[in-house]
2 protein chains.
Amino acid sequence: MKPVTLKEIADQLNISVTTVSKALKDYPDISKKTKALVKELAQTLNYKPNAFAVNLRTKESKTIGLIIPEIVHHFFSSVIKGIVAQAEKKGYLVIILQSNESYELEKKQIQLLLRQRVDGILISLANGTADYNHLTDVLAQDKPLVMFDKIAKLVKCSKVIIDDRKAAYVATQHLIDTGCKRIAHFRGALLPQNSIDRFLGYKKALLDNNMPYDPSLVYICECGDNSFEEGKMNARQLLKDHKDVDGIFINTDLVAIGAITEFNEQGVKIPEDIAVVGFSNWFMSSVISPSLTTIDQPGYEMGKAAFKQLYKEMQQVKNKEAIVYKDIVLETGLIKRQSTKEVLLGEV
Amino acid sequence: MKPVTLKEIADQLNISVTTVSKALKDYPDISKKTKALVKELAQTLNYKPNAFAVNLRTKESKTIGLIIPEIVHHFFSSVIKGIVAQAEKKGYLVIILQSNESYELEKKQIQLLLRQRVDGILISLANGTADYNHLTDVLAQDKPLVMFDKIAKLVKCSKVIIDDRKAAYVATQHLIDTGCKRIAHFRGALLPQNSIDRFLGYKKALLDNNMPYDPSLVYICECGDNSFEEGKMNARQLLKDHKDVDGIFINTDLVAIGAITEFNEQGVKIPEDIAVVGFSNWFMSSVISPSLTTIDQPGYEMGKAAFKQLYKEMQQVKNKEAIVYKDIVLETGLIKRQSTKEVLLGEV
DNA sequence: GTTCATTTCGAAATCGTTTTCGTTAATCAA
DNA sequence: TTGATTAACGAAAACGATTTCGAAATGAAC
């Protein structure tokens with residue numbers, strides 16, 4: 001019933017615990033005969049080293065913590081999958097926690113993970129997080145911390161991101177290239193870096209094309225939950241406020257889908273009356289009608305890259321080297337679908 | 001740099017480690033004065049008990065394992081969220097692993113979790129899993145194991161499920177009530193219990209309504225990945241094989257969405273020519289056009305219930321009581337949307 | 001037969017807590 | 001004064017593994 005220990009194996013073979021331990025780890029000072037004996041018995045008894053004991057000695061937990069704002073989310077669940085897959089390959093287990101976009105929770109969870117003595121932490125920040133003491137705490141303990149997607153530029157640690165600004169620029173440029181003259185932007189919440197960068201990309205694209213930037217065309221959502229309803233609401237408001245808008249660049253696919261639904265219901269033609277570009281390439285976007293032109297945001301790869309970087313840093317800590325921080329920027333692409341028109345050839 | 005230990009606190013206060021430990025845990029044989037001193041110093045030094053040491057002593061890890069076939073999946077990510085939320089409330093951490101629908105991986109992961117000495121395991125079986133020795137291994141160690149959604153009826157442990165059979169019956173009955181005369185079924189893979197039960201519900205509904213059961217109308221997919229493409233493929237095949245089918249009950253929403261997409265592309269009218277009912281109520285289903293009538297499968301609640309049951313059993317083990325297994329069946333509901341017609345009133 | 005090297009094993013310390021069982025000193029009753 | 005009681009603390013043994021440092025046994029070399 002009780003798990004088998006080294007001692008039990010030792011007793012059964014009339015040798016010491018030391019010898020058993022060494023035999024299992026192929027120490028050179030143990031004879032081949034005893035090694036064989038030990039390994040066989042360990043096998044038949046189904047011996048599994050007690051992770052706590054090992055970790056206590058070696059100061060390694062082979063475990064990392066992962067904090068994300070929301071689990072039920074196409075992009076984030078892809079990231080989780082990438083992380084978990086990569087971690088398992090390297091023999092690491094992943095403890096997952098959801099911050100619910102709450103700063104307070106996030107802080108508590110970091111403490112939890114530190115107490116659990118995880119070897120490293122992967123985090124995508126909550127929208128509400130503006131103070132970074134809980135993060136610098138981690139770094140002060142020489143514990144690797146890698147931020148991904150929703151990051152804080154000010155914190156000195158590795159980051160895995162996409163170039164939100166550039167991607168937003170490309171998205172907006174596509175609207176312009178397909179003939180849109182007056183382009184709105186749904187930017188979601190105010191704070192997170194992504195929101196800021198995407199907005200800046202949108203703005204720059206306008207200016208680079210000698211189109212006026214009109215703040216009243218930028219819809220901010222205090223709630224900032226990037227929801228389907230947010231999209232519907234904003235779309236409804238837009239139709240009231242600005243009849244002349246013929247293109248929208250939207251922060252997140254889900255919001256874009258909300259907007260499209262509203263437009264569909266109100267009989268607004270997409271892309272003829274209004275063209276729409278989303279962001280993230282949720283699976284859903286390929287399936288709705290009209291299908292959504294969007295920016296591909298590689299969640300799985302991001303998770304993979306984030307873990308790889310964390311792993312590198314964990315190795316550095318292990319070898320008592322200094323941690324080398326790195327900013328990793330993943331490529332994105334524009335996925336053209338039905339919600340935008342064809343690119344004009346003659347003009348421009 | 002190194003984490004603070006009891007010993008450091010003890011040294012600073014010139015008392016013993018024992019006293020520090022007791023003071024922090026409010027033992028009655030420590031004076032109020034020392035307690036105050038200890039607690040204060042612990043606070044300022046930011047002391048966090050070493051989880052390994054604690055676990056090694058107490059034989060409790062306050063950690064559970066979770067194995068699911070696929071993380072990027074609306075239903076499963078809802079389940080994860082329910083589990084993680086509930087676990088955190090009770091002070092448990094969740095280690096998440098993805099079996100990728102592979103029996104071999106599932107087996108390895110169980111071993112991993114046992115070695116990690118988790119206090120309990122939550123699992124939704126891989127499609128390929130037909131042998132249950134790895135599961136009975138867990139139970140033999142008196143370690144609580146709760147299965148959810150994709151279960152093995154033969155394994156003696158607690159299970160959290162929905163009544164797939166009944167739900168499928170309701171779905172099929174709805175097609176019949178809305179006037180469908182010849183109803184097909186896309187059942188996905190052959191093996192998993194859900195697939196079987198949903199098929200049986202479908203069949204029973206037909207028979208109870210004196211409609212012939214025609215095996216050629218049941219589409220099985222060897223690949224069994226419940227994918228969008230599977231839906232498109234099956235739909236294409238169906239249109240070739242059976243021009244007279246006017247309703248389909250489909251195993252999973254995603255497959256149903258694939259089918260709908262194919263029908264849309266081929267100009268088949270939904271629900272006039274063919275009515276469609278899905279299963280699971282993915283968010284997507286409310287958003288596509290036409291929106292999909294489906295069965296609501298409460299993922300979050302299932303996760304919550306699964307953890308609650310696991311928690312109960314972990315308490316039982318702690319109190320050296322016998323584990324009481326329980327089958328928990330969650331309610332489902334039919335969500336009527338545009339992919340099926342209105343219920344006929346006059347007839348039947 | 002002595003010396004030295006090599007092979008093979010074990011004793012013991014250690015990781016950081018928890019908990020049992022004493023021990024000491026102070027207090028109180030008689 | 002003596003004995004019993006109580007309050008407050010500590011020594012030490014776990015938990016299960018790892019690793020350092022020796023020790024014993026064997027063989028080789030002279």
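Reminder, nothing fancy here: chain letters follow the sequence lines and each chain counts from 1. All figures in this text were calculated on a predicted structure; none of them were measured in a lab.
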Under 4.0 Å from OP1 or OP2 of dT20(D): is there any side-chain N or O of Tyr27(A) that close? no

Atom pair distance, as rounded to whole Å: NZ in Lys59(A) and C1' in dT17(C): 13 Å

Taking dT19(C), dC9(C), dC15(C) as options, the one with an atom nearest any side-chain atom of Lys25(B) is dT19(C)

State which of dG10(C), dT17(C), dA17(D) makes the closest approach to the side chain of Pro49(A). dA17(D)

Just call it for Ser21(A): base, sugar-phosphate, or nothing, with non-hydrogen atoms closer than 4.0 Å on any strand. base

Given dT19(D), dA17(D), dG10(C), which nucleotide is nearest the side-chain atoms of Ala53(A)? dA17(D)

Modelled atom types, side-chain donor and acceptor of Asn133(A) and Lys107(A), under 3.5 Å: no

Taking the side chain of Ser31(B) as heavy atoms from C-beta outward, which of dT18(C), dA17(D), dA8(D) is closest to it? dA8(D)

Can a side chain N or O of Thr19(A) be found less than 4.0 Å away from OP1 or OP2 on dG10(C)? yes

Would you call the rings of His73(B) and Phe76(B) parallel, tilted or perpendicular, taking 30° and 60° as the class edges? tilted

The side chain of Val17(A) is closest to which nucleotide in this list: dC9(C), dT19(C), dT18(D)? dT18(D)

Does any N or O donor sit under 3.5 Å from an N or O acceptor when you compare the side chain of Thr18(A) with the base of dA12(C)? yes

Over how many whole Å does the gap from Asn55(B) atom CG to dT17(C) atom C1' extend? 10 Å

Just checking, is any N or O donor in the side chain of Ser158(B) or Glu313(B) under 3.5 Å from an acceptor N or O on the other one? yes

Ignoring hydrogens and angles, does a donor from either the side chain of Thr34(B) or the base of dA8(D) sit under 3.5 Å from an acceptor on the other? no

Mapping Arg117(B) and Lys22(B) onto DNA chain D by nearest heavy atom, which one lands closer to the 5' end? Lys22(B)

Atom pair distance, as rounded to whole Å: CZ in Arg57(B) and P in dC15(D): 8 Å

Side chains of Leu41(B) and Gln12(B): does their closest heavy-atom pair fall under 4.5 Å? yes

Give the rounded distance in Å between these two atoms: CZ of Phe52(B) and P of dC15(C). 15 Å

Has Gln98(B) got a side-chain atom pairing as donor or acceptor with Ala85(A)'s backbone, closer than 3.5 angstrom? no

Would you kindly give the NZ-to-P distance between Lys33(B) and dC9(D), to the nearest whole Å? 8 Å

Here the distance between atom P of dC9(C) and atom NZ of Lys32(A), to the nearest Å, is 13 Å

Rounded distance (Å) that lies between atom C1' of dC21(C) and atom CG of Asp29(B): 11 Å

Separation of dG16(D) C1' from Leu6(A) CG (nearest whole Å): 7 Å

